Every structure is written in C-alpha cells, then in structure tokens.
A.B. asks: 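Right, I'll just put the structure down here and ask away after.
Below, all heavy atoms of this structure are taken into account, side chains as well, without hydrogens, waters or symmetry copies. Bear in mind that the values here come from a model prediction, so they are computed numbers and not experimental data. Throughout, protein chains are lettered first and strands after them, A, B, ... in sequence-line order, and every chain is numbered starting at 1.
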There are 2 protein chains.
Amino acid sequence: MPQTRSYEPPPREMLRDVCRESGVRLTNQREQIWDSFRRKRRGMSITEAVEAHEKRGIGLSTVYRTVALLEELGLLRRIHDHAGEHRYIASRPGHFHPLVCRSCGVVVEFESCGMGPVERMLAAETGFAIEGHDLEVHGRCPKCQ
Amino acid sequence: MPQTRSYEPPPREMLRDVCRESGVRLTNQREQIWDSFRRKRRGMSITEAVEAHEKRGIGLSTVYRTVALLEELGLLRRIHDHAGEHRYIASRPGHFHPLVCRSCGVVVEFESCGMGPVERMLAAETGFAIEGHDLEVHGRCPKCQ
DNA sequence: ATTCAGTTGAAAATGATTGTCAAATACCCC
DNA sequence: GGGGTATTTGACAATCATTTTCAACTGAAT
Ligand SMILES: [Mn+2]
Ligand SMILES: [Mn+2]
Ligand SMILES: [Zn+2]
Ligand SMILES: [Zn+2]
C-alpha cells in the first residue's frame, strides 16, 4: 500500500551534507542551481535551467555539469513531462517515484510502489536477476481536473 | 501476478495492417525500417538506426520521421538503456512493459504489472485522476549473470 | 595566509534534430 | 493496367543541444 508524501522540497542543507559525504565541493553555483530546482514544483528541463541561470551569470556548461552531478548524488530525479521530454525535480536520495500532472506538471512523490512481488515473479519466470525499476505515474492533479 | 512473454518480435504483417487502419501509406522505407527494428532484440537508438539505413540509401530525415510515426502507431516502444539513453524496440500496440538487461540490452516484455491497486490508492490519497503509468524493470538476463 | 586540486565560463567543436522543397511514389479511381 | 493526386522521400541547410577546451578562479584543507 503506497505511502504518499505531498511534495515539499527537500531541505536546503541537504546539498551541503551530501557534498561533504561524497567529497565534492560546495560552490556558490551549485547552491544556486539546486535552490532553483527546489523552488520549482514542476522541475525544469536542462534548457530551462540554462536559460534561468545565464541571467544570473552562471555559465551553460556549469548548468549541464551540475545537473549531471546532482542527479548522480540523488538530489535531482529525472522525469518525463506530458510531451515525453526530460525534466528534473529536486528530490531526496532514495526510492521514490513521481506522480506527474499531465496538465500543469506538478509532481508528488510516493514511496511504496508494490513492485516487490512483481519483481520476484518476473525473476522466476524469466531467469533475470532483477536490479531495479523505473516507474512514473501520470494523471491530473485536483486543480487541473 | 505478471504474465511474461519471452520476447518474440511482432509479426511482419502488423505494419501493413496498422497502416491500413490509420490511413498511412505503406512505403518501402517504412517496411525496411520496421523490419530492422524487428530483427534487433535490443532495439536501436535513433542514431544507430540512421547509421544502419544510410548504408541502404534511406535518408536520415526519413529515419527520424519513421521512428516518430511508428512510435505513434504503437509499433515501437521507447526504452532507456543502461546508460539512460533512449532506444526503441519493435512492439505490439498495447499495455506492455520492458524488462531490460543492463549488460547486453536484450528486452523481454511483460503485461501485468500489478499497478491497478497502487493507482487506486494513489488516487485516493492525492486526489489525482490517474491516467496511466510508465514502468521499466532492469536487471541481468540469464546469459549475462 | 598559502596552497592546490577541483571548479568555472567563454568560446569553439561537435553532435543531434528539424525544416525546405523538388523529385519520386503509393494508392485511389477509372 | 494506366493516369491523377496527395503523401512521402532525400539532399542539403538551418537550427538547436551537448561536450570539449583551457586559462582563470575558488573552496577548503593546512
Ligand atoms: Mn527518457
Ligand atoms: Mn519502487
Ligand atoms: Zn495539474
Ligand atoms: Zn543480458
């Protein structure tokens, strides 16, 4: 049974902590970029992020590099918008899945997806060693219905 | 409980039929491109498909246009390979999900994913009207373990 | 304060995707 | 089987997205 968390952005200091742990430097640019994702409940495509930051004087390569880094650190999660394009949302590291509104793009994350039994059955039937899954649910949020 | 189908490519004549129904012309190029996807159990990225067909004199724009068309018709399904890149596999139209080998890329499709109850629970907890989901399972095929 | 590996940004290089348009062709109707 | 026509194709150019390069800069450890 899924445990839903209404979407609230991960705490600001999480970047600081994760950088420490993983021996990566906490720079001004990384903080600004992470913050801008935290503030957008719909996430941004890389192109939108580049655009949003060149105004502030952050270089395009830095945006590309930082999005890749934050994704590796588990602080950004990649989702598909209604048009199938990649967008990124700020997220805590861990096993969460996005529920995405096809109309306004707002994202709610949820944790338990019920895939355990399905994976065991798949393993038994196919001989695959299952290592993980990607799951995304789409619909319309209450406001957009 | 998931019903697994070991991956066998959809029948050749399916393109013909789907084209008829949807009032789209069956061209030589479309047949060749669809066939080449049917023959690859791991699918191809668009770039690989372009490369494979320029040898045979099929233009690059045609490959792009055809992949988009076949995806719309439900004859190609987009998946993510181990590196997160988009690849396309030949597939029947309908509700199937890919189980992808992270090592060799081979794909097995399965049908029942157990998402019904999860979606009902999500709807109840979030107020979203659920419209669908994307699911992909990753692991290692028997040969690759 | 000093040091230095890690990070940044401008610019160029590369790669991927889309647009244009004249020529070719699938398929409908005789 | 042979036109007639809207669709489709392919060369090429234009555009857009991503990666590389490298000198200057800076976070953080000492
Ligand atoms: Mn994708
Ligand atoms: Mn899960
Ligand atoms: Zn909405
Ligand atoms: Zn394999």
Side-chain angles (χ1 to χ4, degrees), chain A residues 12-37 43-73 75-76 78-88, chain B residues 12-37 43-73 75-76 78-88:
Chain A
R12 197 152 188 290
E13 64 275 14
M14 186 172 273
L15 175 61
R16 177 172 217 76
D17 299 344
V18 173
C19 281
R20 285 249 177 77
E21 283 182 35
S22 57
V24 122
R25 289 189 187 169
L26 180 63
T27 69
N28 221 294
Q29 290 91 332
R30 285 171 182 172
E31 271 189 324
Q32 281 189 240
I33 292 171
W34 160 246
D35 272 348
S36 75
F37 278 102
M44 289 184 281
S45 66
I46 289 213
T47 310
E48 288 168 338
V50 165
E51 201 172 298
H53 287 284
E54 62 192 9
K55 295 168 189 165
R56 313 199 209 168
I58 296 183
L60 128 179
S61 352
T62 300
V63 176
Y64 272 95
R65 289 184 289 229
T66 302
V67 167
L69 174 68
L70 294 176
E71 192 186 8
E72 288 220 329
L73 296 177
L75 295 173
L76 287 184
R78 191 174 73 182
I79 65 174
H80 292 102
D81 65 17
H82 58 93
E85 306 298 325
H86 287 159
R87 223 145 30 97
Y88 296 85
Chain B
R12 201 152 185 292
E13 62 276 14
M14 186 170 274
L15 175 61
R16 175 170 217 78
D17 300 344
V18 172
C19 280
R20 284 246 176 78
E21 283 183 34
S22 56
V24 121
R25 289 187 186 171
L26 179 62
T27 68
N28 221 293
Q29 290 90 334
R30 286 170 181 172
E31 272 189 325
Q32 280 188 243
I33 291 170
W34 161 246
D35 272 349
S36 76
F37 277 101
M44 288 185 281
S45 66
I46 290 211
T47 309
E48 288 168 339
V50 166
E51 200 173 299
H53 287 284
E54 61 192 10
K55 293 169 190 164
R56 310 199 214 169
I58 296 183
L60 130 177
S61 350
T62 300
V63 176
Y64 272 95
R65 288 185 290 231
T66 302
V67 167
L69 175 69
L70 294 176
E71 191 185 8
E72 288 220 331
L73 296 176
L75 295 173
L76 286 185
R78 191 174 75 180
I79 65 174
H80 292 101
D81 65 15
H82 58 93
E85 306 298 325
H86 287 160
R87 220 145 30 102
Y88 296 85

A.B. asks: Is there any salt bridge (charged side-chain N to carboxylate O under 4.0 Å, His left out) pair reaching into residues 44-67 of chain B, and which pairs are they, with sequence neighbours excluded?
C.D. replies: none
A.B. asks: Within this structure, what is the CH2-OG1 distance for the pair A:Trp34 and A:Thr66, rounded to the nearest 0.5 Å?
C.D. replies: 13.0 Å
A.B. asks: A:His80: what forms a side-chain contact (heavy atoms from CB on, under 4.5 Å) with it, not counting sequence neighbours?
C.D. replies: A:His86, A:Glu136, B:Arg78, B:His80, B:His86
A.B. asks: Have a look at the helix from C:dA1-D:dT30 to C:dC30-D:dG1 and give the angle its two end axes make, five pairs each, rounded to 10 degrees.
C.D. replies: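 The helix from C:dA1-D:dT30 to C:dC30-D:dG1 shows an end-to-end axis angle of 50°.
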A.B. asks: For A:Glu54 and C:dG9, what is the distance between atoms CD and P respectively, to the nearest whole Å?
C.D. replies: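 In whole Å, C:dG9 P and A:Glu54 CD are 12 Å from each other.
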A.B. asks: First locate atom CZ of A:Arg87, then atom OG1 of A:Thr47, and finally report the distance between them rounded to the nearest 0.5 Å.
C.D. replies: 12.5 Å
A.B. asks: Could you list the residues that satisfy side-chain contact (heavy atoms from CB on, under 4.5 Å) with A:Leu60, not counting sequence neighbours?
C.D. replies: A:Val50, A:Tyr64
A.B. asks: Which side chain to side chain donor-acceptor pair (under 3.5 Å) pairs, counting each pair once, include a residue from residues 12-25 of chain B, with sequence neighbours left out?
C.D. replies: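 Output for this query lists B:Arg12-B:Asp35.
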A.B. asks: Could you list where the contact with chain B starts and ends along DNA chain D, reading 5' to 3', using a 4.0 Å heavy-atom cut-off?
C.D. replies: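 Answer, 5' to 3': D:dA6 to D:dC12.
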A.B. asks: Once side-chain contact (heavy atoms from CB on, under 4.5 Å) is applied, do any residues pair with B:Glu85, and if so which ones, sequence neighbours excluded?
C.D. replies: B:Asp81, B:Ala83
A.B. asks: Heavy atoms, side chains only, cut-off 4.5 Å: are A:Ile79 and A:Tyr88 in contact?
C.D. replies: no
A.B. asks: What's touching nucleotides 14-17 of chain C from the protein side, N or O pairs under 3.5 Å?
C.D. replies:
residue	atom	partner	partner atom	Å
C:dT17	OP2	B:Tyr64	OH	2.4
C:dT17	O5'	B:Tyr64	OH	3.4

A.B. asks: Atom OG1 of A:Thr27 and atom CD of A:Glu31: how far apart are they, to the nearest 0.5 Å?
C.D. replies: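 Answer for the OG1-CD pair, A:Thr27 versus A:Glu31, is 8.0 Å.
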A.B. asks: Under the side-chain contact (heavy atoms from CB on, under 4.5 Å) rule, collect the residues that match up with B:Ile58, sequence neighbours excluded.
C.D. replies: B:Gln29, B:Gln32, B:Ile33, B:His53, B:Thr62, B:Val63
A.B. asks: Please report, rounded to the nearest Å, how far the C1' atom of C:dT8 is from the CZ atom of A:Arg56.
C.D. replies: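 Taking atom C1' of C:dT8 as the reference, CZ of A:Arg56 is at 16 Å.
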A.B. asks: Would you give a per-nucleotide map of nucleotides 21-30 of chain C, 5' to 3', where B means the base has a protein non-hydrogen atom under 4.0 Å away, S means only the sugar-phosphate does, and - means neither?
C.D. replies: ----BBS---
A.B. asks: Do B:Phe37 and B:Val67 have side chains that approach each other closer than 4.5 Å (heavy atoms only, starting at C-beta)?
C.D. replies: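 Side-chain contact under 4.5 Å: yes.
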A.B. asks: Do A:Leu70 and A:Leu15 have side chains that get closer than 4.5 Å, going by heavy atoms?
C.D. replies: yes
